[in-house]
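Have a look at the structure below before the remarks.
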Amino acid sequence: MGRIIGIDFGRRRCGVAVTDPLRIVATALQTVDTAGLPAFVAAYCAREQVDFIVAGLPRDLRGNESESMRFIRPAIARLRKALPAMEIVMWDERFTSAIAHRSMIDSGMSRTQRRDKSLADRMAAVLILNSYLESRQYSSRE
């Protein structure tokens, strides 16, 4: 059983999370420039066994794709081109950034620490991946 990578896409940078080999828990891996994401993920997949990728799908409150999908679609296309055999599952990421910021506040982080957007991106990737792991869709794959 291989790992699963979770990605929180952003216009400039992406938060990346990964499961342990047993897929019990997701942990933050790194924040990567969006342009360099395909190379980063390809290098990671060359070192570790990865079965598939879960990418955040931004939606509005009505469930429609959000405006940011116009930036995410090309990034997903570049990732698919770099890893043509890798399955990419799109997963609803509504509120993950807000939950990540709330978690930072609740954990007692200072304002200066909370300004580190790369930390919030990594936390959002962990939330996306954990949400997927807790879903019935993942349970039915096992």
Side-chain angles (χ1 to χ4, degrees), residues 1-61 63-139 141-142:
M1 183 182 317
R3 297 173 188 267
I4 304 170
I5 292 177
I7 301 173
D8 176 46
F9 280 94
R11 205 185 258 190
R12 286 183 238 143
R13 69 187 166 273
C14 300
V16 182
V18 66
T19 64
D20 60 293
L22 297 176
R23 299 181 183 170
I24 296 170
V25 66
T27 57
L29 187 60
Q30 195 167 332
T31 303
V32 181
D33 288 335
T34 301
L37 182 69
F40 174 82
V41 174
Y44 186 85
C45 290
R47 289 189 317 270
E48 300 286 341
Q49 181 184 349
V50 175
D51 287 346
F52 61 98
I53 296 169
V54 176
L57 173 63
R59 295 187 180 274
D60 62 20
L61 293 175
N64 302 315
E65 290 182 356
S66 75
E67 178 67 23
S68 60
M69 276 305 290
R70 69 184 177 131
F71 303 107
I72 293 172
R73 271 193 193 87
I76 293 282
R78 288 189 299 275
L79 190 58
R80 284 195 167 124
K81 186 176 180 182
L83 298 160
M86 184 67 63
E87 179 183 4
I88 300 175
V89 176
M90 299 301 291
W91 193 252
D92 189 350
E93 69 166 30
R94 273 181 280 194
F95 308 116
T96 55
S97 294
I99 293 168
H101 280 97
R102 185 78 236 163
S103 296
M104 292 166 74
I105 291 168
D106 291 345
S107 69
M109 292 179 124
S110 70
R111 250 182 220 197
T112 305
Q113 291 170 317
R114 292 193 313 258
R115 285 190 192 124
D116 179 5
K117 298 203 185 291
S118 64
L119 177 59
D121 292 336
R122 289 190 304 271
M123 290 178 74
V126 169
L127 290 168
I128 291 166
L129 194 46
N130 276 329
S131 170
Y132 180 78
L133 289 173
E134 294 169 359
S135 73
R136 290 196 314 195
Q137 180 177 333
Y138 172 69
S139 298
R141 285 181 79 121
E142 294 186 290

**Contacts of S66 that satisfy side chain to side chain contact (heavy atoms under 4.5 Å, CB included) - sequence neighbours left out** = P58, S68

**Asked** Taking side chain as C-beta onward, heavy atoms only, is C14 less than 4.5 Å from F40?
**Response** no

**Request:** Heavy atoms only: give me the nearest I76-A55 pair and the separation to one decimal.
**Result:** CD1-CB, 3.9 Å

**Request:** Report the C-alpha distance between V18 and Y44 in whole Å, list the side-chain angles of each, state the deciding distance to 0.1 Å, and finish with yes or no for side chain to side chain contact (heavy atoms under 4.5 Å, CB included).
**Result:** CA-CA 10 Å; V18 66; Y44 186 85; 3.4 Å; yes

**Asked** Who are the side-chain hydrogen bond (donor to acceptor under 3.5 Å, both in side chains) partners of Q30, not counting sequence neighbours?
**Response** none

**Prompt:** When rounded to the nearest 0.5 angstrom, what is the spacing between CG in N64 and CE in M69?
**Reply:** 12.0 Å

**Prompt:** So do the side chains of S131 and V54 get within less than 4.5 Å of each other, counting heavy atoms only?
**Reply:** no

**Test item: E65 and M90 side chains (from C-beta on) under 4.5 Å apart, heavy atoms** = no

**Message:** A side-chain contact here means heavy atoms from C-beta on lying under 4.5 Å apart; do V50 and L83 qualify?
**Reply:** no

**Prompt:** Which distance, rounded to the nearest 0.5 Å, do you find between the CZ of R59 and the CD of E93?
**Reply:** 10.5 Å

**Prompt:** L37 and V16: side chain to side chain contact (heavy atoms under 4.5 Å, CB included), yes or no, with the steps?
**Reply:** CA-CA 9 Å; L37 182 69; V16 182; 3.9 Å; yes

**Interatomic distance, L57 atom CG to I72 atom CD1 [nearest 0.5 angstrom]** = 7.5 Å

**Item:** T31: partners by side chain to side chain contact (heavy atoms under 4.5 Å, CB included), with sequence neighbours left out
**Value:** R13, S118, D121, R122

**Request:** Would you please name every residue forming a salt bridge (charged side-chain N to carboxylate O under 4.0 Å, His left out) with R12, sequence neighbours left out?
**Result:** none

**Asked** Can you list the residues that meet the side chain to side chain contact (heavy atoms under 4.5 Å, CB included) rule with D20, with sequence neighbours excluded?
**Response** L22, I24, V25

**Heavy-atom pair with the smallest gap, counting every atom of V89 and Y132** = CG1-CE1, 3.9 Å

**From CG (L133) to CZ (R23), nearest 0.5 Å** = 8.5 Å

**Asked** Quick one: side chain to side chain contact (heavy atoms under 4.5 Å, CB included) partners of R78, sequence neighbours excluded?
**Response** T34, P38, P74, A75

**Message:** I need the F9 CZ to R73 CZ distance, nearest 0.5 Å.
**Reply:** 12.5 Å

**Message:** Side chains of I7 and L79, heavy atoms from C-beta outward: is any pair under 4.5 Å?
**Reply:** yes

**Prompt:** Between I5 and C45, what is the shortest heavy-atom contact and its length?
**Reply:** CD1-SG, 4.1 Å

**Prompt:** Can you tell me how far the CG atom of L29 sits from the OG1 atom of T19, to the nearest 0.5 Å?
**Reply:** 10.5 Å

**Closest approach of F52 to E87 (non-hydrogen atoms, all atoms of both residues)** = CB-O, 3.4 Å

**Asked** Mind checking what makes salt bridge (charged side-chain N to carboxylate O under 4.0 Å, His left out) contact with R47, not counting sequence neighbours?
**Response** none

